> 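Can you read through this structure? Questions will come right after.
Only heavy atoms go into these numbers, but all of them, side chains included; no hydrogens, no water, no symmetry mates. These figures come from a predicted structure and were not determined experimentally.
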2 protein chains.
Amino acid sequence: MQYDPVGRFRRFARAVTMEVGALDTSFLGRGRPLGAARVLNAIGMGRTDVAEIREYLGLDSGLMSRLLRSLEEEGLVRTTPHPGDGRRRVAIFTEAGQREFQAYEELSNARASALLDRFPRSDELLHAMDVVASALGRDRIAIQEADPGDDAARYCLGEYYAELRRRFEKGFDVALSRDPDAVDMVRPRGVFLLAMSDGLPVGCVGLKGTGGEVAEIKRLWICPTARGFGVARRLMHAAETVARELSVKTLRLDTNSALTEALKLYRTSGWIEIDRFNEDPYPDHFFEKHL
Amino acid sequence: MQYDPVGRFRRFARAVTMEVGALDTSFLGRGRPLGAARVLNAIGMGRTDVAEIREYLGLDSGLMSRLLRSLEEEGLVRTTPHPGDGRRRVAIFTEAGQREFQAYEELSNARASALLDRFPRSDELLHAMDVVASALGRDRIAIQEADPGDDAARYCLGEYYAELRRRFEKGFDVALSRDPDAVDMVRPRGVFLLAMSDGLPVGCVGLKGTGGEVAEIKRLWICPTARGFGVARRLMHAAETVARELSVKTLRLDTNSALTEALKLYRTSGWIEIDRFNEDPYPDHFFEKHL
DNA sequence: GAATTTATCTGACCTAGGTCAGATAATATG
DNA sequence: CATATTATCTGACCTAGGTCAGATAAATTC
């Protein structure tokens with residue numbers, strides 16, 4: 001039974017603006033107005049180009065200029081001309097700025113931690129927060145290349161194997177499967193792609209190359225909270241683009257009929273079902289696509 | 001596997017301040033500063049006492065005064081002296097004010113609706129929002145009396161029956177159970193209590209009286225998203241308080257061993273297990289408490 | 001009944017945030 | 001090369017939000 005969806009959504013909005021708003025305005029508390037703190041934070045997040053910060057924070061150029069100046073006067077930031085374009089400027093932290101940013105980070109982490117500690121069933125709460133954040137941030141999910149050995153990549157692979165164990169009737173043991181060597185999923189042989197939603201990995205796919213004209217798609221996984229937003233399609237598309245760059249002419253993949261969403265995706269995006277091409281015990285469907 | 005809880009929480013905070021912040025500042029859009037709109041909204045939510053609004057919005061008395069004045073000048077609000085206390089003032093809507101508040105409500109509803117419509121699996125999203133809102137709003141859950149025929153009460157009872165169907169081995173059919181007459185759960189014979197979390201009912205309990213010195217506790221239910229916050233204990237405590245007001249000396253209840261949390265609650269709050277006192281097919285445990 | 005407390009109002013003042021119209025210099029376009 | 005366009009900066013100006021010190025009047029306490 002649905003008890004007034006709009007009312008429930010608005011209750012949610014009220015609850016978070018009360019609690020989380022406090023987390024946002026907590027940028028106060030170090031004797032600096034919110035605007036300056038936000039710029040400091042944007043720089044800390046790796047945005048150095050002034051125009052980029054300005055666009056990200058939605059600021060007027062005049063205001064932006066003044067905020068940067070105040071941070072410079074505090075000795076937290078230095079601005080230098082952009083190497084390739086003399087009109088632009090880039091902002092970088094001084095050592096004091098780096099320390100100040102770290103102080104904000106620790107303050108934010110401590111608050112978040114304290115808030116989480118207050119709740120029983122915090123894993124359920126975190127899962128709910130993931131669902132909400134993935135939904136609200138669906139338009140900001142970005143595809144990026146990663147090393148298959150990175151923490152984020154290993155996290156995705158771990159979740160992927162866990163899901164196979166749950167969904168395959170006989171379970172899943174990665175040792176029995178043909179586990180591709182990591183080097184086959186690193187350029188120039190292949191690539192490993194992650195879908196990142198504001199810092200959280202929510203999907204992955206591997207392109208396992210051989211150095212020749214045939215390569216294989218492996219390990220396509222989307223976090224349950226990020227399904228339905230077209231992330232799989234974007235990951236596959238990005239993998240195909242890399243394959244073309246690496247002069248691959250034919251892509252192959254195998255999958256299991258328990259993975260119904262994946263099967264549907266392959267069938268609606270130009271893949272053609274072919275005969276079994278390996279002796280892996282888990283797959284029962286095989287596909288091919290010419291680039 | 002937990003991928004950095006604090007990071008996940010902060011990702012959530014960023015996502016909602018982006019999306020939901022827009023919903024908050026949407027109080028703009030009718031040519032009125034946020035402060036005035038928030039006061040208008042507070043009045044619309046039933047807060048008429050000026051001091052009460054001031055405290056709710058956390059405003060300085062000077063600012064509050066000016067905001068009220070501006071709403072008066074717009075012809076949206078009238079202030080009159082408080083009937084019982086000449087220092088206080090109460091703010092009430094004029095007809096134009098009522099219309100303006102309605103306009104804000106419709107605007108907010110439309111935005112919420114549009115935002116929800118963008119998502120597939122919106123029931124999953126709403127459930128996640130309920131989990132988050134219940135957790136963040138746990139300190140604002142209020143117990144109130146209600147008529148067992150109200151929408152909110154019927155919603156709780158419906159969820160309660162659905163849960164029994166799921167949890168009892170043989171299912172549950174309310175027609176086979178001794179369904180108390182509604183009048184037994186209305187004063188002066190008994191009472192029906194709801195736990196409300198910012199407008200959403202998240203729990204209930206019935207006190208079914210006979211007019212005599214013995215009464216029964218029925219229909220204790222807590223919404224899954226609100227469990228672990230002590231709501232059941234508060235509901236039971238409130239029901240006992242009403243029972244004492246109604247001169248009840250002995251409380252009884254029956255329950256089923258599938259409802260483990262309830263059993264645990266009764267055993268740790270002064271209830272004593274007694275022999276079966278009715279022929280209802282579902283319960284297998286019976287308790288009594290002397291007030 | 002005098003002294004204190006409480007709720008509201010008023011005027012003076014301040015800061016943060018934001019807009020707008022040029023100025024300046026570098027780059028892109030014809 | 002002349003002419004746009006772009007990124008930033010500067011000064012002038014404005015509004016919203018908020019603080020503070022009294023003023024006023026009603027209620028409470030002694």
> How close or far is atom C1' of dG18(D) from atom CZ of Arg38(B), stated in whole angstroms?
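Taking CZ of Arg38(B) and C1' of dG18(D), I get 13 Å after rounding.
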
> Does the Ser197(B) side chain pair with the main chain of Ser134(B), one donor and one acceptor, at a distance under 3.5 Å?
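Not at all, since once roles are kept as given, no pair shorter than 3.5 Å links the two residues.
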
> Taking atom C1' of dT15(D) as reference, at what distance in whole Å does atom CG of Leu63(A) sit?
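Rounded to whole Å, this separation is 14 Å.
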
> Can you tell whether the side chains of Arg11(A) and Asp130(B) come within less than 4.0 Å, N to carboxylate O?
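Here Arg11(A) pairs with Asp130(B) in a salt bridge, since their nearest N and O are under 4.0 Å apart.
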
> Write down the distance between CZ (Arg47(A)) and C1' (dA7(D)), rounded to a whole number of angstrom.
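So the CZ-C1' distance, Arg47(A) to dA7(D), works out to 19 Å.
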
> How many whole angstroms separate atom CG of Leu59(A) from atom C1' of dA7(D)?
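Rounded to the whole Å, the gap is 15 Å.
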
> Salt bridge check, Arg118(A) against Asp139(B): does any charged N sit closer than 4.0 Å to a carboxylate O?
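Counted as a salt bridge, because a side-chain N and a carboxylate O are separated by less than 4.0 Å.
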
> For Arg66(B), report the nucleic acid contact type (base, sugar-phosphate, nothing); a contact means any heavy atom under 4.0 Å.
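The answer is base, as Arg66(B) lies within the cut-off (heavy atoms under 4.0 Å) of a base atom.
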
> What's the closest nucleotide to the side chain of Asp60(B) if the choices are dT8(D), dC20(D), dC9(C)?
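So the nucleotide nearest the side chain must be dC20(D).
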
> Establish, with yes or no, whether the OP1 or OP2 oxygen of dA26(D) is under 4.0 angstrom from a side-chain nitrogen or oxygen of Arg89(B).
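Answer no for this pair, as no side-chain N or O of Arg89(B) is under 4.0 Å from OP1 or OP2.
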
> Between atom CZ in Arg54(B) and atom C1' in dT8(C), what is the gap in whole Å?
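Checked: the CZ to C1' distance equals 8 Å.
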
> Where the side chain of Ala51(A) is concerned, which of dT19(D), dT19(C), dT8(D) is the nearest nucleotide?
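Given the options dT19(D), dT19(C), dT8(D), the side chain of Ala51(A) is closest to dT8(D).
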
> Start at the 5' end of DNA chain D and walk down; is the nucleotide closest to Pro83(B) or to Gly62(A) reached first?
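In this pair, the answer is Gly62(A).
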
> Looking across every strand, which nucleic acid part, if any, lies under 4.0 Å from Asp85(B) by heavy atom: base, sugar-phosphate, or nothing?
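Contact class for Asp85(B): sugar-phosphate only.
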
> Establish, for the pair Arg121(B) and Phe229(A), whether the NZ or CZ atom is under 6.0 angstrom from the six-membered ring centre and no further than 45 degrees off its axis.
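Yes - Arg121(B) lies over the ring of Phe229(A), closer than 6.0 Å to its centre and within 45° of its axis.
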
> Rounded to the Å, how far apart are Leu57(A) CG and dT8(D) P?
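Rounded to whole Å, this separation is 13 Å.
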
> On DNA chain C, nearest-nucleotide positions of Arg69(B) versus Arg87(A): which is more 5'?
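This one resolves to Arg69(B).
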
> Rounded to the Å, how far apart are Arg88(A) CZ and dT5(D) P?
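That distance rounds to 18 Å.
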
> Separation of Ile53(B) atom CD1 from dT8(C) atom C1', in whole Å?
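That distance rounds to 13 Å.
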
> Output the single nucleotide from dC9(D), dT8(C), dT8(D) whose closest atom is nearest the side chain of Val50(A).
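The answer is dT8(D), which lies nearest to the side chain.
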
> Are any non-hydrogen side-chain atoms of Leu194(A) and Cys156(A) less than 4.5 angstrom apart?
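Leu194(A) reaches Cys156(A) side chain to side chain.
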
